[in-house]
Amino acid sequence: MVFDVLVVGSGASGLAAAVSAGRAGARVGLVTKGSIQASNSAKAQGGIQAAFAADDSPEIHAADVFASSHETADPQLVEVLTSEAPSAIHWLEELGVAFSRENGGYRLARCGGATRRRLLQVGDRTGHAITKALREVYEASPGALFEHHGLVALEPADGSWQVTCETKDGIATLAATTVVLAAGGRCFAEAEARGELSTNHPGATGEVTRIALDAGAEARDLDALQYHPNGGAWPGTMQGYSIPETTRAYGAVLLNADREEFTDSLGPRDAVAQAIVDEVAAGRGVETPDGRPAVWLDTTRIPVGDAEISLPYMLRRYRAAGIDPLAEPIYTYPVLHYQNGGLVIDTEAATTLEGLYACGEIAGGTHGRNRMMGNSLLECCVFGRRAGRAAAEKARG
Ligand SMILES: Cc1cc2nc3c(=O)[nH]c(=O)nc-3n(C[C@H](O)[C@H](O)[C@H](O)COP(=O)(O)OP(=O)(O)OC[C@H]3O[C@@H](n4cnc5c(N)ncnc54)[C@H](O)[C@@H]3O)c2cc1C
C-alpha cells in the first residue's frame with residue numbers, strides 16, 4: 001500500500017501532523033523509533049505561548065520572538081506562529097487538553113524574553129497533556145501506527161517516497177506520496193559527544209536531519225544549539241532535569257555565592273545561560289556536593305499557591321529527593337536542551353524537496369538562532385497542523 005502521508009516521529013509535531021492529515025481525508029501512516037509515547041514533547045513541562053492577555057497581541061508576541069532570536073528568525077514563519085497561536089490552543093482544547101484557568105480566563109505566566117504574560121500551562125506537565133490528547137485522537141483514527149520503526153533511509157521513487165526503517169525484526173520498507181519529517185532534534189547525542197548533561201530523551205539523536213540533508217534538503221542554523229539556563233545540578237537524581245522556567249516566572253531568582261542577583265532572571269534564554277556561565281567563570285558560583293559548577297535558584301520566593309498550581313511535579317520530584325524548593329534554594333547550571341536550527345521550510349512546512357515536509361524541532365527558521373521558552377510546543381502544533389494539511393492536499397494532487 002502507498003500511504004498518502006507518512007509521518008516520521010510521534011512527538012507533538014508528528015502527532016499534530018498525523019491527526020490533521022487524517023482529518024483532511026488522507027491515508028496516514030506514522031512511524032516512530034520507540035514507543036508512541038517516547039519523545040521530548042512528552043517531557044515538556046513549562047507551557048505553551050499564545051497571546052490571550054488583554055494587553056497582548058500576535059504582533060507583540062511576534063516582536064518578542066524576533067527580538068529573542070536577535071533578528072535571525074524568518075519573519076513569515078514567525079507571523080504564522082504567533083497569529084495562529086490562539087486557534088492552535090482552541091484546537092488542542094477541542095482535542096481534550098484542559099489548560100489551567102483562573103479568574104475566568106487562562107492562567108498566564110510571563111516567560112523569559114516575553115514582554116507580556118503569555119504562557120499557558122497544564123500544571124507543570126503541559127507536554128504530557130498535549131501529547132496524550134493528540135495520541136488518543138490519532139489512535140482512535142484509521143491511521144496506521146508503526147512503533148519501533150527507526151527511519152534509516154529516504155529515497156524518491158516515481159513521484160513518491162520510499163521509506164526504509166529498522167525494526168526489531170529487521171528492515172521494513174514503506175511507500176508514501178508525501179512524507180512529514182517530525183523526528184525532533186539531536187541534543188541527546190550532542191551532549192553525549194560533548195560529555196555533558198542534556199534534558200533530552202535518548203531518541204533525540206538527529207539522524208533524520210542527516211538523512212534529509214543526504215537526500216538534498218536544505219538546512220539553516222544547525223550549529224545553533226540552546227542551553228536551558230536551569231538544568232538541575234543537585235541532587236544526582238535531578239542532574240539534567242530541566243527546572244521549569246515557570247519557577248522564574250513565578251518569582252524565583254538566580255543568586256551567586258554571595259546570594260546576590262547577578263542577572264535579569266527573566267531575560268532571553270541565551271543571555272541568562274551565558275550570565276550563569278560567566279558568573280561561575282568569574283569565581284562567584286557555588287559547587288554542588290559532587291563538585292559540579294552551579295549557582296543558586298532561589299525558589300523560596302515562589303508563593304506557595306503558585307507553586308501548588310503551576311509546579312506540582314517539580315516539587316514532588318525535588319521533595320522525593322530530599323530537598324524542598326520552597327524551603328531552600330536549589331543548585332542549577334545550564335544544560336544542553338534544544339536545536340534552534342533545522343531543515344528549511346516555507347509557511348506550509350514544505351522543505352526544499354518536493355513532497356517532503358518538516359515540522360517541530362527538526363525544522364529551522366521559526367526561532368532563528370535563539371528560541372523563547374513555550375514556543376516549541378506552539379511550533380509543533382501550528383506547523384504540525386499545517387504540514388499534515390498541506391501534505392494531504394499535495395497527495396490528492
Ligand atoms: C525536558 C524538556 C522540557 C521542555 N519544556 C518545554 C516547554 O515547557 N515548552 C516548550 O514549548 N518546549 C519545551 N521543550 C521543547 C519541546 O518540548 C521540544 O522541542 C518539542 O516538543 C519537540 O517536538 P518534536 O515533535 O519536534 O520532537 P520530539 O518530541 O523530540 O519527537 C521526536 C520523535 O521522533 C522520533 N524519532 C527520532 N528519530 C527517529 C527515527 N530515526 N525514525 C523514527 N522516529 C524517530 C522520536 O522517537 C520521537 O517520537 C522541552 C524539552 C525538553 C526536553
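Indexing begins at 1, ligand by ligand and atom by atom, following the structure's order. FYI, the numbering just counts along the sequence from 1. Just so it is clear, the model here is predicted, and its values are computed rather than measured.
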Task: Heavy-atom nearest neighbour in the protein, as seen from atom 7 (C) of ligand 1, with distance rounded to 0.1 Å - done: Gly47 O, 3.7 Å
- [ ] Using a strict 4.0 Å cut-off to heavy atoms of Gly374, name the atoms of ligand 1 that fall inside it.
- [x] 9 (N), 10 (C), 11 (O)
Task: Partner of Asp64 by salt bridge (Lys or Arg N to Asp or Glu O under 4.0 Å), out of Arg371, Arg116, Arg117, Arg118 - done: Arg118
Open item on the list: Give the atom numbers and elements of ligand 1 that come within less than 4.0 Å of a heavy atom of Gly9.
Closed with: 33 (C), 34 (O), 35 (C)
Task: Heavy-atom nearest option to atom 23 (O) of ligand 1, drawn from Ser41, Ala183, Ala182 - done: Ser41
Task: Donor-acceptor pair between Arg186 and Thr209 side chains, under 3.5 angstrom - done: no
Open item on the list: Between ligand 1 and Gly150, can you find any atom pair, the residue atom being a heavy atom, that is separated by under 4.0 Å?
Closed with: yes
Task: For atom 4 (C) of ligand 1, the protein heavy atom that lies nearest, with its residue and separation - done: Ala44 CA, 3.4 Å
Open item on the list: Looking at every heavy atom in both Leu108 and Gln121, which two are closest together, and how far apart are they?
Closed with: C-NE2, 4.1 Å
TODO: Measure the distances from the heavy atoms of Thr126 to every atom of ligand 1 and state whether one is below 4.0 angstrom.
DONE: no
- [ ] Mind checking the CD-OG1 spacing from Glu190 to Thr205? Nearest 0.5 Å is all I need.
- [x] 11.5 Å
- [ ] Please work out whether any backbone atom (N, CA, C, O) or any side-chain heavy atom from C-beta onward of Ile36 is under 4.0 Å from ligand 1, and answer side chain, backbone, both or neither.
- [x] neither
Task: N or O contact, Lys43 vs ligand 1, cut-off under 3.5 Å - done: no
TODO: Among all protein heavy atoms, pick out the one at the shortest distance from atom 8 (O) of ligand 1; state its residue, atom name and that distance to 0.1 Å.
DONE: Gly46 N, 2.8 Å
Open item on the list: Counting non-hydrogen protein atoms only, what is the nearest one to atom 51 (C) of ligand 1? Give residue, atom name and distance.
Closed with: His337 CE1, 3.4 Å
Open item on the list: Which residue and atom name correspond to the protein heavy atom nearest atom 15 (C) of ligand 1, and how close is it?
Closed with: Arg371 NH2, 3.6 Å
TODO: Please indicate whether any nitrogen or oxygen in Ser242 is less than 3.5 Å from any nitrogen or oxygen in ligand 1.
DONE: no
- [ ] Could you tell me whether some N/O pair between Thr32 and ligand 1 is separated by less than 3.5 angstrom?
- [x] yes
- [ ] Starting from atom 20 (C) of ligand 1, locate the nearest protein heavy atom and write down its residue, its atom name and how far away it is, to 0.1 Å.
- [x] Ser376 OG, 3.4 Å
Open item on the list: Does Arg259 qualify as a cation-pi partner of Trp296, given the criterion of NZ or CZ under 6.0 Å from the six-membered ring centre and within 45 degrees of its axis?
Closed with: yes
Open item on the list: How far is atom 46 (C) of ligand 1 from the closest protein heavy atom, and which atom is that?
Closed with: Ala38 O, 4.0 Å
Open item on the list: According to side-chain hydrogen bond (donor to acceptor under 3.5 Å, both in side chains), who are the partners of Asp264, at least two apart in sequence or on a separate chain?
Closed with: none
Task: Element-labelled atoms of ligand 1 that are located less than 4.0 Å from some non-hydrogen atom of Gly11 - done: 25 (O), 29 (O), 31 (O), 33 (C), 49 (O)
TODO: Group every Ile, Leu, Val, Met, Phe, Trp and Tyr by side-chain heavy-atom contacts under 4.5 Å, then state whether Ile130 and Leu15 land in the same group.
DONE: yes
TODO: Using distance alone, with no hydrogens and no angle criterion, decide if Asp290 and Thr288 have a side-chain donor and acceptor under 3.5 Å apart.
DONE: yes
- [ ] Any atoms of ligand 1 less than 4.0 Å from a non-hydrogen atom of Tyr338? List them with their elements.
- [x] 19 (O)
Open item on the list: Pairing donors with acceptors under 3.5 angstrom, does anything connect the side chains of Gln45 and Tyr241?
Closed with: yes
Open item on the list: Taking distance alone, with N or O pairs closer than 3.5 Å, would you say Asn200 contacts ligand 1?
Closed with: no
Task: Proximal atoms of ligand 1 relative to Asn375 (non-hydrogen, under 4.0 Å) - done: 11 (O)
- [ ] Run the numbers on Asn370 and His70 for side chain to side chain contact (heavy atoms under 4.5 Å, CB included), then give the verdict.
- [x] CA-CA 7 Å; Asn370 186 48; His70 310 295; 4.1 Å; yes
Open item on the list: Looking at Arg369 and Asp223, is any side-chain nitrogen of the basic one under 4.0 Å from a carboxylate oxygen of the acidic one?
Closed with: yes
Task: Residue selection (non-hydrogen contact nearest atom 22 (C) of ligand 1) among Glu361, Gln49, His367 - done: Glu361
TODO: Find the distance between CZ (Arg284) and CG (Asp278) and round it off to the nearest 0.5 Å.
DONE: 9.0 Å
TODO: Would you mind checking which non-hydrogen protein atom is closest to atom 45 (C) of ligand 1, with the distance to 0.1 Å?
DONE: Lys33 CB, 3.6 Å
Task: Any side-chain donor near an acceptor of the partner, Ser87 and Arg385, under 3.5 Å - done: yes
